[in-house]
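A, B, ... follow the sequence lines: proteins, then strands. Residue 1 opens every chain. Being a predicted model, the structure only gives us computed values, none of them experimental.
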Amino acid sequence: MRKVVPVAFFDRPTPLVARALIGKFLVRKRAGKEEAYMIVETEAYHGFEDKASHASRGKTLRNTPMFGSPGTIYVYYTYGMHWMFNVVCGKKEFPGAVLIRGVESIRGPARLTKTLGIDKELNTKKIGKVSGVWIEDRGITISPRAIQKTHRIGINYAQEWAEKPWRFIYKNKEPLR
DNA sequence: GCAGTGATCATA
DNA sequence: ATGATCACTGCC
C-alpha cells in the first residue's frame with residue numbers, strides 16, 4: 001500500500017494533522033532519485049493566538065506561506081544556518097503549520113532539511129510530486145499508545161502556549177504492522 | 001553548558 | 001538604521 005496523501009489531509013486542525021503524520025512517509029525526489037523516511041516527530045503551530053507561532057503577530061514577509069492553502073510548504077531560515085520544514089494546515093488565511101521535527105534515522109528538524117536538501121527553493125510550493133516533496137501513506141498503523149504527546153520545545157518564550165501538548169513522537173517500542 | 005551565525009522584525 | 005531575537009546543532 002502506497003498512497004500519496006491528498007490535500008484534504010492537511011485541511012484539518014493542525015494538531016490533528018501533526019498526530020496523523022506520525023507513521024506516514026516523507027518522500028523527497030531529487031535528481032531522479034527518491035528517498036522515503038517514516039515521520040517520527042512533529043509539532044503543531046496553530047492559529048493567531050498561539051504565541052509560539054510565527055503568525056502570532058500577524059502576517060509578515062517571512063510567515064506569509066503559513067496563510068496559504070492547506071498543503072503549502074513553509075520553509076524558513078533560522079539561527080543563521082538552519083532550514084525548518086513545515087506543511088501548512090487549515091483553510092487559506094488561517095495560519096497553521098506542522099513542523100516536521102524528525103524522521104526515522106534523522107532526528108532534528110535542521111538535520112532533516114540538510115540531509116534531504118530542503119531549503120528556500122521549496123518555500124511556498126505545494127507539497128506533492130510536482131515539487132519533489134510529498135507525504136505517503138504506506139499502510140502503517142501506529143497505535144495511540146505508541147505516540148507520546150508532549151509540550152513543544154525551543155519555545156519557552158511562549159508562556160502558557162509552550163505547555164500545549166502539540167508535539168508528537170513515535171515511541172519505537174511496538175512492532176509496526 | 002553554550003557559541004556559532006545571519007535573516008527577520010519591531011522600534012525609531 | 002539598529003539591535004534583539006531565534007520552532008537548532010554540535011561541541012565543551
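- B:dT5 is unpaired under the criterion used here, namely a Watson-Crick or G-U wobble arrangement in which both key atom distances are under 3.5 Å.
- Within 4.0 Å (heavy atoms only), A:Thr78 reaches at least one base atom of the nucleic acid.
- Protein atom CZ of A:Arg57 is 10 Å distant from nucleotide atom P of C:dT5, rounded to whole Å.
- Using a 4.0 Å cut-off, some side-chain N or O of A:His54 falls inside it from OP1 or OP2 of C:dA7.
- Counting any heavy atom pair closer than 4.0 Å across all strands shown, A:Ile155 reaches sugar-phosphate atoms only and no base atom.
- Atoms CG (A:Asp119) and P (B:dG6) sit 16 Å apart, rounded to a whole Å.
- Between A:Phe94 and A:His46, the ring-plane angle classifies as tilted under the 30° and 60° cut-offs.
- Dashed line: the shortest gap from a side-chain N or O of A:Tyr157 to OP1 or OP2 of C:dA7 is under 4.0 Å.
- Rounded to an integer number of Å, the gap from A:Tyr76 OH to C:dC6 P is 11 Å.
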- prompt: Does the pair A:Glu43 and A:Arg152 meet the rule for a salt bridge (charged side-chain N to carboxylate O under 4.0 Å, His left out), with working shown?
  reply: CA-CA 7 Å; A:Glu43 266 180 2; A:Arg152 295 171 293 176; 5.8 Å; no

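- Relative ring orientation between A:His54 and A:Tyr76 is described as perpendicular, the plane-to-plane angle rising above 60° on a 0-90° scale split at 30° and 60°.
- Counting any heavy atom pair closer than 4.0 Å across all strands shown, A:Ala110 reaches sugar-phosphate atoms only and no base atom.
- A distance cut-off of 5.5 Å between ring centres, combined with a plane angle under 30°, places A:Tyr45 in a stacking arrangement with the base of C:dA7.
- The side chain of A:Met66 sits closest to C:dA7 out of C:dA7, C:dT9, B:dC9.
- At whole-Å resolution of the value, OH in A:Tyr77 and C1' in C:dT9 are 13 Å apart.
- Whole-Å rounding puts the A:Arg111 CZ to C:dC11 P distance at 10 Å.
- Contact between the side-chain N/O atoms of A:Arg167 and the OP1/OP2 oxygens of C:dA7 is not found at any separation under 4.0 Å.
- Counting to the nearest Å, the P atom of C:dA7 and the CH2 atom of A:Trp166 are 16 Å from each other.
- At distances below 3.5 Å, at least one donor-acceptor pair connects side-chain atoms of A:Asn63 with backbone N or O atoms of A:Thr60.
- Heavy atoms of A:Met81 sit under 4.0 angstrom from at least one base atom.
- Here the P atom of nucleotide C:dG10 and the CG atom of A:Leu112 are 12 Å apart, to the nearest Å.
- Whole-Å rounding puts the A:Leu99 CG to C:dC8 P distance at 7 Å.
- At a threshold of 4.0 angstrom between heavy atoms, the contacts of A:Arg152 with the nucleic acid are absent.
- Within the 3.5 Å criterion, the main-chain N or O of A:Lys125 finds no donor-acceptor partner in the side chain of A:Ser131.
- Close to C:dT9, at under 4.0 Å from its OP1 or OP2, lies no side-chain N or O of A:Arg107.
- Picking from C:dC6, B:dC9, C:dA7 the nucleotide with the shortest atom distance to the side chain of A:Arg62 gives B:dC9.
- Counted by atom type alone, A:Glu136 and A:Trp134 present one or more donor-acceptor pairs between their side chains at under 3.5 Å.
- Which of C:dG10, B:dG4, B:dC9 sits closest to the side chain of A:Thr60 comes down to B:dC9.
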